[in-house]
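Scroll down for the structure; my scribbles are underneath it.
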Amino acid sequence: MTYQFSASPHVRSSNSTKKIMLNVCLALLPATIAGIVFFGYLAILNVLVSVIFAVGSEIVYRLIMGEKFKDIVKSLDYTSLVTGLIIALIIPANWHLYIPALASIFAIIVTKMLFGGTGQNFVNPAAAGRIFAFISFTTLLNTFPAPTIGAINPTVITGATSLQSFLEHGDSLSTIDLLLGTGVAGCIGETCKVAILIGAIYLAIRKIIKIWLPLLSILFAGLTTYMLNDFNLNIILPAILSGGLIFGAFFMATDYVTNPTTTAGNVIFFIFFGILTSLLRHFTGYETASFVILLMNVLVPLIDKIPFRKPFGYQKPKKEVK
Amino acid sequence: MKLNNLRMGKRYPYGIHVKDQKQFTSEKPIENMPGSPKIYLSMTQHIGAPAIPVVEVGDYVKKGQLVGKESGAISANIYSSVSGTVSAVCDIVNAMGQKQKYVVVDNDFKEDQILFDEMTSFEPNDIIDRIRLAGIVGLGGAGFPTAVKLSPKSQLDCLIINAAECEPYLTCDYRLMLERTEEIYKGIKYTARALNLNKVIVGIEANKPKAIEIFSKYQDLEVVVLKKQYPMGSEKHLIYCTTGRKVPCGKMPFDVGVCVQNVKTMIAIYEAIELNLPLAKTVITVSGGGIKYPKNLRVALGTPFADIIEYCGGVNDDTVKVVAGGPMMGKALTSDIQYTRKTDSGILLLKSKEANGEKPTNCINCGRCADNCPMRLIPATMEASILAEDYLHAEKLGVMNCIECGSCAYNCPAKRPLTQSFNFSKGKIKEYYIKKKAQEEKEKNQQKEEK
């Protein structure tokens, strides 16, 4: 009788890429549900279109590259599903359904598949897809509907996100409204911070993300805003609770592929993410979270080059005495 | 009662938690397995030069008679574990794919035993000579000749007994600690005498409370309770957790003044000195979901694995893997045509569900390998440079410090064969330096000739 031959170790833990990605999808569910509650069937349509086009474009790409349909279905690891879902959650609910579709196709084909599929993309596909959509359809995506429930502040519903009106006019909703997303104009999944936090806590319990890293970037974003605004304490909470900072920190910056390998590298990555988001928000008056994610992604190879750690028992080589 | 020789080990934060699966055999006493009709004694059961066969086909050998003589400073004697006629001295390719010289003995079941002479003096030199004569090697798995390990260049100050047994499934050390405590204690005393030191530390993992209790009764041993964590039984980590000393990269334990020995080796030393027996038997654990009756067995060296598996009731359906040794660092076998060696500590038969051997997918850079690496390396980056065939860059990243414990590959969600590629690149790097050295010498010779 012959047996399987392989190198050690011969037992392996049960975690796999598929399981991790499914858990991320589960963690995104609260935010998706909140989005559907706030923005109605339009949100469902956006999510569906985005997910179908994301997964579909991966399958079509791999079919073109000559893989068999059966093999593709077997080896689908739900990363496109996550990308599609995130893209739907970071655009405003709108009638132009070709926008999420195009963003998904761009994210999957250009940023992921062309570089070699899962694990090979150098920037976060969802962030790239969102930026692609926002640059291509600037006027269409500039109207952010506000949810129909909750205290609607008349100055906010005009079109810009609550973040933008906050950055431009200094208006802001109450902290509770910002947390729950009631009356906050914005993207489908970004408005309800409580839902995002529930998902993040789930990921932390499942040991998929280290929750203190995104919290670190939020803290540094708050501190930077505080210092930029003449040390005004009241401005910290509205600043970090508005816009895409929280969603970006928990679900986009934590993307394994595009952040540094070591924990020490991640600390630098997340601190810079927080600081840069606040800085650019302050000086451009525009939501910059996804741009900063893209920028930091490109810096990752550089961060990974820093020798953070020495092997166990490392000794400094002694200098030769001349 | 609070015992003053018991203390907790230093914490070491990096490592993994593996399901320990010891419940299969941890409560089963060690059984003596009856002899097999044919035994196959490999001449390479240790690190170093292979032993040279000193018997010929047709010779009658007694139990405990020398069949393979050590060749060189780092080598070990091989003794027959049964009495009978030598039926072959030949090369056999075993199930690990290694071609080795074997002495095959047909067992006549007469159990004709010959013993060494009674020892008269117990000076360190005499003890070391007896250990060398008995062919004792490190039975923890590496198989480094113990006599060499006990003759360090400088005076040591501490002997550490490795009783961590951090590999899942294996329980042979644990059973020996419970059943043969006195013998282990005597072996420790002889070893300490050979090294001319008094301080002995026994490192036991916290999941073996009975063993800890038994050993803490000996007031002259210092028992250190280690956190249950893999790889606690790795020499470097054991030394760190018990004494707080760090073995520098590329150095050996004796550089920090310690010597690490396995419990099984202690029993072999006791038997060689007090019972005048050579090393011809070993205790192994036969376990895993694939075996009908998991057991702890005392087997004669050279017993075919097939006989051991049959003695344990045979294989269940759906057994996909046979492993010699522990599941984390053991070697997979292509078939059951393999023969017990000194360094074997277990035979595992794994079902497909236990083995979890899925095909590798792309690395997703999750960093779990880097978080867990007990040697503080970055496996993902090292593997990337090895895949790019840039072995020297991998060396710069520290691949030569890798202890191949398998912590990275165990937790990898993409199921990358990380340990395998590090092992491979180590070979490549060594090859490169040998070639470079040869090249330099050649150039030197040429320059001399030109002059």
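Just the heavy atoms: all of them, side chains too, but no hydrogens, waters or symmetry mates, feed the values below. Naming: A, B, ... by sequence-line order, numbering from 1 per chain.
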Among Met328(B), Glu354(B), Lys246(B), which has the most heavy-atom pairs under 4.5 Å with chain A?
->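 The candidate making the most pairs under 4.5 Å is Met328(B).
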Pro374(B), Pro417(B), Gly330(B), Ser407(B): which one forms the most heavy-atom pairs within less than 4.5 Å of chain A?
->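 Ranked by contacts with chain A, first place is Gly330(B).
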Looking just at side-chain N and O atoms, do Thr361(B) and Lys18(A) make a donor-acceptor pair shorter than 3.5 Å?
->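 Short answer, no.
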Answer yes or no: does atom CE of Met252(B) have more than 12 heavy-atom neighbours from other residues, nucleotides or ligands under 6.0 Å?
->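 No, not enclosed.
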Aromatic ring centroids of Tyr240(B) and Phe312(A) under 6.0 Å?
->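 Distance test on ring centres: under 6.0 Å, yes.
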So, for Arg368(B) and Tyr256(A), which heavy atoms are closest and what is the spacing to 0.1 Å?
->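 Nearest pair, atom of Arg368(B) first, then Tyr256(A): NH1-OH, 3.2 Å.
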Identify whether the distance between the nearest side-chain nitrogen and carboxylate oxygen of Lys207(A) and Asp371(B) falls below 4.0 Å.
->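 Asp371(B) and Lys207(A): not salt-bridged.
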Is Arg376(B) reaching over with its side chain to a backbone N or O of Arg309(A), donor-acceptor style, under 3.5 angstrom?
->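 Such a contact is absent between Arg376(B) side chain and Arg309(A) backbone.
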Has the side chain of Asn411(B) got a donor or acceptor atom that lies under 3.5 Å from a matching backbone atom of Ser13(A)?
->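 No, because the side chain of Asn411(B) does not come within donor-acceptor range (under 3.5 Å) of the backbone of Ser13(A).
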Is chain B contacted by the side chain of Lys210(A), its backbone, both, or neither, given a heavy-atom distance below 4.5 Å?
->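 Contact with chain B: side chain only.
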Given a strict heavy-atom distance threshold of 4.5 Å, which part of Ser14(A) is in contact with chain B: side chain, backbone, both, or neither?
->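 Contact with chain B is through both the backbone and side chain of Ser14(A).
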Note, His10(A) side chain near Leu350(B) side chain (heavy atom, < 4.5 Å) |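 With C-beta onward as the side chain, the pair touches.
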